[in-house]
There are 2 protein chains.
Amino acid sequence: MNTIAAFIKNKRKEAGLTQEEFAIRSGLGLRFVRELEQGKETVRMDKVNQALAMFGMQAVPGRMDE
Amino acid sequence: MNTIAAFIKNKRKEAGLTQEEFAIRSGLGLRFVRELEQGKETVRMDKVNQALAMFGMQAVPGRMDE
DNA sequence: TTATTTTATACCCTTTATGGTATAAATAAT
DNA sequence: ATTATTTATACCATAAAGGGTATAAAATAA
């Protein structure tokens, strides 16, 4: 799974939220949250950022290794 | 402009490539490359990663500040 | 075990991102 | 200055992302 997907999934669980609760609080669609966490790669970046923003993060360039 | 957009634009220029050349080499559409560099936020993540991969990078979660 | 909650998959529909192309604007070169 | 190159904006068509919802599967609780 890609790092963003794993990050969201882990952080959401840490926060004790279900996908549904997370969807509601973030203003994202439930289906989107699910597909994102499952590593769907053709998601829209603005929505990915909307999800990351829940944890004070955003999508930035990072080295493919490390 | 968002960091990914700026990153691509800067790196592309450093590499001495026009948007057209970059589009060809990366296999991305010219229009997409342009919109990406102009900071369009509703772009598809897989294509963003395809662009970043040209420089050994990918989209990862990063703190919104710093 | 069974019952409950959470997550995954499938369907239809609407919106929109993307490619291609053509034109306009801006920048660089002569 | 003019010309050539690069970048930005606009149009149309197609493919697909996303929302909603319903069902199935999986995980957790009792």
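Here is the naming used below: chain letters follow the sequence lines, and residue numbers restart at 1 for every chain.
- The side chain of A:Gln38 places an N or O atom within less than 4.0 Å of a non-bridging phosphate oxygen (OP1 or OP2) of C:dA8.
- Below 30°, between 30° and 60°, or above 60°: for A:Phe7 and A:Phe55 the angle between ring planes is above 60°, a perpendicular geometry.
- Atom-to-atom, CZ of A:Arg31 to P of C:dC11 comes out at 13 Å; the value is rounded to the nearest Å.
- The CG atom of A:Leu28 sits 16 Å away from the P atom of D:dA17 (whole-angstrom rounding).
- Between A:Glu35 atom CD and D:dT21 atom C1' there is a gap of 14 Å when expressed in whole angstrom units.
- Across all strands, B:Arg34 comes closer than 4.0 Å to base atoms (heavy-atom distances).
- For the pair A:Arg12 and A:Glu37, the salt-bridge criterion is met [side-chain N within less than 4.0 Å of a carboxylate O].
- To the nearest angstrom, P of D:dA16 lies 15 Å from CD of A:Glu41.
- OP1 and OP2 of D:dA16 both lie 4.0 Å or more from every side-chain N or O belonging to B:Arg44.
- Between A:Asp46 atom CG and C:dT15 atom P there is a gap of 17 Å when expressed in whole angstrom units.
- We find that CG of B:Leu30 is positioned 16 Å from P of D:dT5, with the value rounded to whole Å.
- Contact annotation: A:Arg12 reaches the phosphate of C:dT7 (side-chain N/O to OP1 or OP2, under 4.0 Å).
- Put simply, B:Lys9 has no side-chain N or O that comes within less than 4.0 Å of OP1 or OP2 on D:dT6.
- As rounded to whole Å, 12 Å separates atom C1' of C:dA26 from atom CD of B:Gln19.
- Rounded to an integer number of Å, the gap from A:Lys13 NZ to C:dT5 P is 18 Å.
- Contact check, B:Thr42 against C:dA17: a side-chain N or O comes under 4.0 Å of OP1 or OP2.
- A donor-acceptor pair under 3.5 Å is formed between the side chain of A:Gln38 and the backbone N or O of A:Arg34.
- With hydrogens and angles ignored, the 3.5 Å screen pairs a side-chain donor or acceptor of A:Asn49 with a backbone N or O of A:Ala59.
- The hydrophobic cluster containing B:Leu30 does not contain B:Leu28, counting ILVMFWY residues as joined when their side-chain heavy atoms lie under 4.5 angstrom apart, directly or transitively.
- Mapping B:Leu17 and A:Lys47 onto DNA chain D via the closest heavy atom, the residue that lands nearer the 5' end is B:Leu17.
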